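Model, not experiment: these values are computed from the prediction.
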Amino acid sequence: MNHRLSHRVINRCIHPADGDIIVPAHTVSIIGTTDKAVENPDFLEIEHDEVIQMLNAGEVLIPGFKNSRAVHVWAGARPLVKDSRVSSTDTRHMSRGMAIIDHSERDGISGMFTIAGGKLTTYRLMAKNVVDALMEHWGENRPCTTETEAVPSAKGKRTHRNSDRLAKVEATRDQDSVLCECELVTRSMIEDQLAAQPEANLDDVRRQTRLGMGPCQGTFCAIRAAGVMHEVYRKAETTTAEGSAPAAADRTSTMLRLFTTNRFDGVYPLLYGEQMREAALNQWILQGTLDIDHLPAPSSEAKLATGDLAMVHGRPTPPKTQLVGPLMAHTDSSVNEEGDN
């Protein structure tokens, strides 16, 4: 949702179910989750009924939730280890616990281990258990120190405040222009990320800076950020051997088209009411200023530079964006893009 509906997590104290938690995160609020088994975790489709389900669940947690503005949806796949205690289709009640597989016992491949399941909150225990399994395999008898070593101290740290970035922008506004007004992302923030990750695409920059994650979903800042990225590529061209990297314009336009496509993929399930007007404005701007759907087809080098699975390899089924006309559908019929919704 487009703003913080509360300053604390709201969670229903029930058995795990769909849509039972609202989390304030940075400038927005997130409601989730739905749970269903998928055939291909690399390409996830978000159904309209899932969106309606979340809006209805939010209304239970915060009356008036449906009247707030939803700006984006996304999905992620969680790998689960098959649990014999429940049906293979009952992913909601399947265990989230970890499992370690010794492939010498199962597959006759000595020295190979797989750890599956688990979650971020148990990562230290997962690391301990798999290292213990390795020690046993090697016949080593070393004491584990994980449980006695403290995690890095949180002393002096605090959670995000909406005013933090505003204070920084106000202090540097004379020499550091704001490229994303929604999330107050400055030029230097993008340049710093590209310096730290020279191979990053614009979605990688977004994950670090929140570029394009505000109400306009990249309508204005995507073009500006692409301009900064283009400058970086042009400078790199002068120090790179000819033919060893895609041309700056080719690579930049490919990155921009991928970014705007990914942003739209997360808006597509929300196309109703004011959000439909916003999406139409977004398209008018991108089409009117760049004619973005008719840019030259990207080279294979530019596609590879994005690191995007769908851009590089294609995807198994046509994306839903193709069902609504030219809204960011790729002009190259052999490649259909999708982002991390």
Which pairs count as ring pair (Phe, Tyr, Trp, His ring centres under 6.0 Å) when at least one residue sits in residues 130-159, sequence neighbours excluded?
Phe113-His137

Check [X] against [Y] and note the closest heavy-atom contact, atom names and distance.
X	Y	answer
Thr254	Thr306	CG2-CG2, 3.7 Å
Asn282	Cys216	ND2-O, 4.0 Å
Met255	Ala200	CE-O, 3.9 Å
Asn262	His72	O-CE1, 4.1 Å
Leu271	Phe264	CD1-CZ, 3.9 Å
Thr91	Leu80	O-CD1, 3.7 Å

Lys/Arg N to Asp/Glu carboxylate O, [X] vs [Y], below 4.0 Å:
X	Y	value
Glu191	Arg187	yes
Arg207	Asp203	no
Asp176	Lys168	no
Arg142	Glu136	no
Arg251	Glu199	yes

Whether [X] side chain and [Y] backbone form a donor-acceptor pair below 3.5 Å:
X	Y	answer
Gln275	Leu270	no
Glu183	Arg210	no
Gln217	Gly214	yes
Thr252	Ala248	yes

Starting from the C-alpha separation in whole Å, work towards a yes-or-no answer on salt bridge (charged side-chain N to carboxylate O under 4.0 Å, His left out) for Glu170 and Arg165.
CA-CA 9 Å; Glu170 288 183 335; Arg165 189 167 282 184; over 6 Å; no

Option passing side-chain contact (heavy atoms from CB on, under 4.5 Å) with Thr114 (candidates Val130, Ile101, Asp107, Asp102):
Ile101

Could you walk me through whether Arg78 and Asp35 satisfy the salt bridge (charged side-chain N to carboxylate O under 4.0 Å, His left out) test, starting with their C-alpha distance in whole Å, then the side-chain angles of each, then the deciding distance to 0.1 Å, before giving a yes or no?
CA-CA 10 Å; Arg78 167 177 286 177; Asp35 190 295; over 6 Å; no

Taken in chain and number order and not counting sequence neighbours, the residues that satisfy side chain to side chain contact (heavy atoms under 4.5 Å, CB included) with Glu50 are Thr34, Lys36, Ile46, Glu47

